[in-house]
Every structure is written in C-alpha cells, then in structure tokens.
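Structure record follows, encoded as structure tokens.
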Amino acid sequence: NVVVVDLLPGGFEPVLEKNSTSAPQDGLIRHERREDRGIFFVNTGPQPRTFTYKVRAATRGRFVLPSAVAEAMYEPATNARLGGGYVVIE
C-alpha cells in the first residue's frame, strides 16, 4: 500500500463536493481532501495509474507547483517525488 500526497500550489483551493458521484478509480482505497493537499491511499500494481480530484483557481499570480510525494506505508524508505515547477493563474 502506498500513500501519495499532492500539495496544492498557492492560488488554488480544493473543491469539496458534498454529494460526490465521481466514478471509482482503479486501485484507490481512500482519498482525503485537505485545505492544502490531496492525499491518496492506493494499492500498487504493475501498471501506471492516475488519480484525480477537483481544485479551483482562487487567486491570480505565479505560484510554485510543489512536487507530489509517494511513500510505501509500511516501508517509508521506499519513496518517490515527481513533478514540480511553476503555475500561472491569469
């Protein structure tokens, strides 16, 4: 099992849907939305997977796009970082 933490860049906020009817995502055990991040608890497998959630642009500007972090839940020495950069909201 792996936990993936996706930090939101400044200028964005999560969209909290009360009665979400989103389709199930293969391998997703649980998803938590926080004020500044999305946290995905997933089962790993041999194939790449994509997990999605909605965010809203809240403020104009140029913001740092933090990298996403993945870590094996029971073996934290097994981990990875991906992405990073900048995002512009006009």
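Note that the coordinates shown come from a computational prediction; the quantities given were computed from them, not determined experimentally.
In terms of heavy-atom proximity, Arg30 sits nearest to Leu28 at O-CD1, 3.4 Å. The minimum heavy-atom distance between Pro9 and Phe63, with the atom names listed, is CB-CB, 4.3 Å.
Here the CD atom belonging to Glu13 is positioned 14.0 Å from the NZ atom belonging to Lys54, to the nearest 0.5 angstrom. Note that the OG1 atom of Thr44 and the CG atom of Asn1 stand 7.0 Å from one another [nearest 0.5 Å].
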Derivation and outcome, side chain to side chain contact (heavy atoms under 4.5 Å, CB included), residues Leu8 and Val55: CA-CA 9 Å; Leu8 293 177; Val55 297; 3.4 Å; yes
What's the verdict on side chain to side chain contact (heavy atoms under 4.5 Å, CB included) for Arg34 and Ile39, showing C-alpha distance, side-chain angles and the deciding distance? CA-CA 8 Å; Arg34 303 278 174 89; Ile39 304 172; 3.9 Å; yes
Assess the residue pair Val3 and Phe40 against the criterion (side chain to side chain contact (heavy atoms under 4.5 Å, CB included)); give the C-alpha distance rounded to whole Å, side-chain angles, the decisive distance to 0.1 Å, and a yes or no. CA-CA 6 Å; Val3 61; Phe40 301 86; over 6 Å; no
Apply side chain to side chain contact (heavy atoms under 4.5 Å, CB included) to His31 and Arg33, showing your working. CA-CA 7 Å; His31 172 240; Arg33 292 177 192 94; 3.4 Å; yes
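Ile89 and Tyr53 fall within the same hydrophobic cluster, defined by Ile, Leu, Val, Met, Phe, Trp and Tyr side-chain heavy atoms under 4.5 Å apart, directly or through other members. Residues Phe12 and Val64 are members of separate hydrophobic clusters, defined by side-chain heavy-atom contacts under 4.5 angstrom among Ile, Leu, Val, Met, Phe, Trp and Tyr.
Between the side chain of Arg49 and the main chain of Asn43, a donor-acceptor pair closer than 3.5 Å is present.
Here the side chains of Ser67 and Leu82 are not in contact, with every heavy-atom distance at 4.5 Å or above. For the pair Val4 and Val2, the minimum side-chain heavy-atom distance is below 4.5 Å. Residues Phe51 and Asp6 are not in side-chain contact: their nearest non-hydrogen atoms beyond the backbone lie 4.5 Å or more apart.
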